[in-house]
Amino acid sequence: MVFTSGTIAALLGIALIIIVLAVLFTFVPVMLWISAIASGVRVSIFTLIGMRLRRVAPSRVINPLIKASKAGLNVTTNQLESHYLAGGNVDRVVNALIAAHRANIDLTFERCAAIDLAGRDVLEAVQMSVNPKVIETPFIAGVALNGIEVKAKARITVRANIERLVGGAGEDTVIARVGEGVISTIGSSASHTTVLENPERISQTVLSKGLDAGTAFEILSIDIADVDIGKNIGAELQTEQAEADKKIAQAKAEERRAMAIAQEQEMKARVEEMKAKVVESEAEVPLAMAHAFKAGNMGIMDYMNYQNLASDTKMRESIGDMNKDETNQEDEK
C-alpha cells in the first residue's frame, strides 16, 4: 500500500487533533463542566482551567458546589476554592451547611469554615445540635459529713453550641466540672442517707451552677444514673489516728523506760563508787590504829575491846539474819 503525500498529511493532522483533544480533556475537566451545566450551576470552562493552574482539584470544589446549589444554598466558587486552599474539608463544610439549613439553624459559611479550620468536626457539631449527645461520667466519689463515702455516676445530656465551638472547652472540661459539682454536693450533705433518699438533689444543684460556661456545649440535663455506698472514711481516719497515737505513746513509753534504765545504771555506778570509798576508808583504819599505837594514844586493852565489840556486832548480825530467815519461812507457810 502506497501512501501519497496528501494521505500522510491527513493522517498527521488527524493524529495531531487526537493528541490535542487528549491533552485538552486531560487538563480541562470537560465532563465536570458538562455535569455542572446540566445541574444548573454556571461555571466557566476558564474557571476550571484556572483551578488546574492554581493546583486545585476541580472535582473537590464543583461537586460540593452542585450539592449546595441543589440544596438551595448561596455558596460561590471562590468561597469553596479559598477554603480548599486553606486546607479545609470543602465537602464536610457543605454537608454541615445543608444539615444546618434543613434543621433551621443559623449557620453562615464563614462560621462553618472557621470551625472546620479550627480542627473540629463541624458536621458532627451540627448533628449534635439537632440530636443531643449523652456523656456518661465514671463513678465520682464524695464523702458526706458523717464520714461515709458515696459514689455517683452521672449522665450529662449536652447539645453543641455552634457559637462557642471555636475556642470553647471540650467534653473533658464538662466531665471535670460536673465531677467537682457532684463531690461538692455530696460533701455538703449531712448524711449519706440524705444522698440516697434524694439523688436528684445532686443533679439539681450541679445543673444550677452553670457549668457549661466557656465550653463548646450547652448542658441540657444532668441525671444520676447510679449511687453506691463506699468506705467509712471517717472511721478509717479515726482508726488511723488512734493507731498513730498508740505508736506515739509507745515511743514515749519506750523513751521513759530507756531513761529509767539509764538512771538505774547510773545509780548502781554511784553505789559501787560509794562502796569503793567505804572500802578505801576501812583500809585506812588499821593504819590509823597503828599510828595511834605508835603515838601512845591507844593501848592493847583498847584494841582488845575494839575486837570484842566487832565480834559481838557480827554475832548480833548473824542472829538477826537467822531470825529473818525463820520469819520468811513462816510467812511462806
Side-chain angles (χ1 to χ4, degrees), residues 21-135 157-171 173-174 212 214-220:
L21 291 176
V23 173
L24 179 64
F25 280 99
T26 301
F27 188 75
V28 180
V30 178
M31 297 304 298
L32 185 62
W33 175 68
I34 295 173
S35 299
I37 295 299
S39 300
V41 177
R42 295 184 177 276
V43 180
S44 172
I45 191 69
F46 298 103
T47 302
L48 299 179
I49 296 174
M51 290 183 184
R52 289 287 193 188
L53 295 175
R54 289 188 292 271
R55 298 182 180 275
V56 176
S59 59
R60 296 291 185 88
V61 175
I62 299 304
N63 288 332
L65 182 62
I66 295 172
K67 190 188 304 183
S69 177
K70 289 298 183 182
L73 299 178
N74 186 17
V75 181
T76 65
T77 308
N78 290 332
Q79 288 177 322
L80 299 181
E81 188 177 353
S82 62
H83 186 64
Y84 177 85
L85 291 173
N89 191 323
V90 177
D91 193 61
R92 184 164 55 192
V93 168
V94 171
N95 290 337
L97 288 173
I98 294 173
H101 180 69
R102 292 288 187 270
N104 199 21
I105 297 175
D106 187 14
L107 180 62
T108 62
F109 177 83
E110 288 75 13
R111 169 67 64 178
C112 191
I115 295 172
D116 183 64
L117 293 176
R120 294 186 180 273
D121 192 339
V122 62
L123 179 59
E124 181 182 357
V126 172
Q127 292 173 347
M128 194 184 299
S129 298
V130 178
N131 186 20
K133 179 180 179 181
V134 177
I135 304 174
T157 304
V158 296
R159 180 172 58 197
N161 191 330
I162 297 178
E163 295 298 326
R164 293 202 300 257
L165 276 177
V166 179
E171 294 183 11
T173 302
V174 174
D212 54 2
T215 66
F217 303 98
E218 178 184 353
I219 298 178
L220 301 179

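Only this structure's heavy atoms are used, side chains among them; waters, hydrogens and symmetry mates stay out.
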Let me confirm one number: the [atom1]-[atom2] distance from [X] to [Y], rounded to the nearest 0.5 Å.
X	Y	atom1	atom2	answer
L123	I115	CG	CD1	11.5 Å
I37	S44	CD1	OG	8.5 Å
N131	R159	CG	CZ	11.0 Å
I62	L48	CD1	CG	5.0 Å
Q127	D121	CD	CG	7.5 Å
I162	S129	CD1	OG	4.0 Å

Quiz item: What pairs with A68 under side-chain contact (heavy atoms from CB on, under 4.5 Å), at least two apart in sequence or on another chain?
Solution: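 Result, side-chain contact (heavy atoms from CB on, under 4.5 Å) vs A68: L73, V75, V94.
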Practice problem: Go through the structure and list residues passing side-chain contact (heavy atoms from CB on, under 4.5 Å) with A118, not counting sequence neighbours. | Solution: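 For A118 the side-chain contact (heavy atoms from CB on, under 4.5 Å) partners, ignoring immediate neighbours, are V166.
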Can you name the residues that form a salt bridge (Lys or Arg N to Asp or Glu O under 4.0 Å) with [X], not counting sequence neighbours?
X	value
E124	none
K133	E171
D91	K67
R120	none

Exercise. Please tell me if the side chains of N161 and T215 come closer than 4.5 Å, counting only heavy atoms from C-beta onward.
Key: no
Quiz prompt | V130 vs I105 side-chain heavy atoms within contact, under 4.5 Å | solution = yes
Considering non-hydrogen atoms only, spot the tightest contact between [X] and [Y] and give its length.
X	Y	result
C112	V122	SG-CG2, 3.4 Å
L220	P132	CD1-CG, 3.6 Å
P64	L80	C-CD1, 4.3 Å
I219	V174	CD1-CG1, 4.0 Å
D116	G88	OD2-CA, 3.4 Å
V126	A100	CG1-N, 3.7 Å

Quiz item: Are any side-chain N or O atoms of S69 and backbone N or O atoms of L65, one a donor and one an acceptor, separated by less than 3.5 Å?
Solution: no
